[in-house]
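Below is one structure; the comments refer to it alone.
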Amino acid sequence: MEQRLNAYVEKMVNAIDDVNKIDAEFFSKYNVKKGLRNSDGSGVLVGLTEIGEVHGYVLYEGERKEDEGRLIYRGIDVVDLVKGFQTEHRFGFEEVCYLLMFGKLPNKEQLGEFNGLLGDLRALPNGFTEDMILKAPSSDIMNKLARSVLVSYSYDNDPDSIDPKNLLRQSMELIARFPTMAAYGFQAKSHYYGGQSLYIHMPRPDLSTAENILHMIRPDNKYTRTEAEILDLALVLHAEHGGGNNSTFAARVVSSTETDTYSAIAAAVGSLKGPKHGGANIKAMQMLENIKENVSDWADDDEVKSYLTRMMNREVFDGAGLIYGLGHAVYTLSDPRTILLKEKAHQLAIEKGREKEFLLYDAVERIGPEVFSAKKGTSKNICANVDLYSGFVYNALGIPTELFTPLFAVARIVGWCAHRIEEVVCMQKIIRPAYKSISKLQPFIPLEERE
């Protein structure tokens, strides 16, 4: 059967290529925003939200003017959030979860209650680990995470209700359990596909989310304070990015149908798995590994520039003509996440004895925009995005590459849940955009007369 199917696919694949072609002129003719992007690269405005704001430019008399990047969570600049909890030597992800879900910063008592509840909810339901993760391991942790989300429906006594109380309960459980699902999915993959020893460490209710992740994925459970702090920061910076990012928009689109929480969140996980979305930091790290192998003197800006130029000319690396980790759909002059993460990444690099490598990343950030401008013949500013340094951070923490995108999901689950609740409670209208058909009418031909 497989041989027959493959032969049929080989025979018919040209028909797929022939029938799936739409000339670019039609997009202009009908004013269709391909990829929901305006001609200047900005996103088409399709909704309103109070949860998060991504700022990278201002509109002045109809023109887009570049501006310093800002990331706002419920009206509070993420820079201020980070400086706040870091100054007080606290982990910040749980505080950000509370802010995004409930719209205000918690006081000490509220934060303690929230953290205690998350801690108690981290363990998976009875039998879940054995039956849903270990008995059906996956070679891809994101697929395992999506499956774990979907089967959570069967462990929920009230899975379909969209009453706000039920949505909040489900959200709290998913936010708490995502780190455990991802960690156990990783351990199952490492054991069944990698031949490694199987380690299933129970999450600890007294630890933060970042600490629990390191505790669960490491055989000896050990980590340093610096390691936990920088992972906590990475989670904070990935928790929310407005309603327009692909995975959050997917969650909102599916939520608008009034389906169950697990279906909507699984859709978001599937979106994030795509290399154009959640896998971008992996490409950036792979690119830097390629540069490290082919540039003899990492401190020589001229040599780095020459190699980046060859990369833009499609001569080296993956032939895509891209410098990964540079540029963003919204941010122009700066990405605030990059600035915050880079500072901590430097500290981690010193601790791990990898400062020379860190300086190579810095060189790509400095030189890359110049190479891009020369190649494209444009004065448009492009800045380093958070993916340039997040891959380095995870790698320096000893986190395997296959966990990079699942960790993104562990952070973004809170944004997805907040947007799902906002969509269901506030919008109450199914998202239904239009597509213009450009196919020509043709007559029906009787079967016996067809070629």
Side-chain angles (χ1 to χ4, degrees), residues 52 54-56 68-73 76-87 90-93 95-96 208-211 213-214 223-242 245 277-285 287-288 323-328 330-352 354-355 357-366 368-369 382-399 401 403-412 414-415:
V54 184
H55 175 88
E68 296 294 341
R70 294 200 309 273
L71 176 58
I72 312 295
Y73 290 173
I76 302 177
D77 195 311
V78 75
V79 173
D80 296 331
L81 281 168
V82 170
K83 287 182 178 178
F85 65 73
Q86 287 186 347
T87 299
R90 297 184 290 103
F91 294 108
F93 180 63
E95 183 173 328
V96 164
S208 68
T209 301
E211 291 174 302
I213 292 169
L214 296 173
Y223 54 88
T224 69
R225 176 74 184 190
T226 302
E227 289 177 324
E229 284 179 351
I230 195 167
L231 181 55
D232 176 73
L233 175 61
L235 295 175
V236 167
L237 298 178
H238 287 88
E240 159 63 2
H241 215 235
N245 70 83
H277 189 6
N281 55 11
I282 297 175
K283 291 294 292 187
M285 194 190 72
M287 177 191 74
L288 263 295
I323 300 177
Y324 296 98
L326 297 183
H328 191 268
V330 179
Y331 298 127
T332 53
L333 298 181
S334 62
D335 180 341
R337 304 168 302 169
T338 306
I339 297 170
L340 291 166
L341 192 62
K342 181 181 179 180
E343 181 180 345
K344 274 288 186 180
H346 195 190
Q347 296 177 22
L348 184 66
I350 294 171
E351 182 178 294
K352 298 290 185 180
R354 296 176 63 169
E355 190 170 15
E357 182 182 351
F358 171 83
L359 292 175
L360 176 60
Y361 279 72
D362 179 72
V364 171
E365 179 183 0
R366 288 187 291 103
I382 64 168
C383 62
N385 61 54
V386 71
D387 295 315
L388 182 63
Y389 289 100
S390 61
F392 171 80
V393 163
Y394 294 150
N395 184 260
L397 289 173
I399 294 173
T401 305
L403 261 175
F404 288 9
T405 310
L407 284 180
F408 195 159
V410 166
R412 188 57 60 83
V414 62

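Any value given below was found using the heavy atoms of this structure, including those in side chains, with hydrogens, waters and symmetry copies removed.
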Interatomic distance, Arg225 atom CZ to Asp232 atom CG [nearest 0.5 angstrom]: 8.5 Å
Got a second to check how far Ile230's CD1 is from Tyr389's OH, nearest 0.5 Å? 12.0 Å
Please answer whether the main-chain N or O of Val386 pairs with a side-chain N or O of Asp335 as donor and acceptor at a distance below 3.5 Å. yes
Can a donor-acceptor pair be found, under 3.5 Å and without considering hydrogens, that links the side chain of Gln86 to the backbone of Lys83? no
Shortest non-hydrogen separation from Val330 to His55 and the atoms involved: CG1-C, 4.1 Å
Val414 versus Glu240: any side-chain heavy-atom pair under 4.5 Å? no
Using only heavy-atom distances, determine whether the side chains of Gln347 and Thr226 contain a donor-acceptor pair under 3.5 Å. no
Out of Ile399, Leu397, Val410, Leu403, which one pairs with Ile213 under the side-chain contact (heavy atoms from CB on, under 4.5 Å) rule? Val410
Expected output: side-chain Thr405 to main-chain Gly278 donor-acceptor under 3.5 Å: yes
In terms of side-chain heavy atoms, does Glu355 have a donor or acceptor partner in His346 at a distance below 3.5 Å? yes
Pair Tyr331, His241 - check ring pair (Phe, Tyr, Trp, His ring centres under 6.0 Å), show working. CA-CA 12 Å; Tyr331 298 127; His241 215 235; 5.5 Å; yes
Does a donor on one side chain sit under 3.5 Å from an acceptor on the other, for Glu211 and Ser208? yes
Side chains of Tyr394 and Met285 in contact at under 4.5 Å (non-hydrogen atoms): no
Does Gly327 offer a backbone N or O that forms a donor-acceptor pair with the side chain of Asn385 under 3.5 Å? yes
Can you tell me if Glu343 uses its side chain to pair, donor with acceptor, with the backbone of Leu340 under 3.5 Å? no
Reported SG-to-CD distance for the pair Cys383 and Glu68, which is rounded to 0.5 angstrom: 9.0 Å
Set of residues satisfying salt bridge (charged side-chain N to carboxylate O under 4.0 Å, His left out) with respect to Lys342, sequence neighbours excluded: Asp362, Glu365
Name of the residue among Leu231, Val236, Leu237 meeting side-chain contact (heavy atoms from CB on, under 4.5 Å) with Phe93: Val236
Listed by chain and number, what are the salt bridge (charged side-chain N to carboxylate O under 4.0 Å, His left out) partners of Arg412, not counting sequence neighbours? none
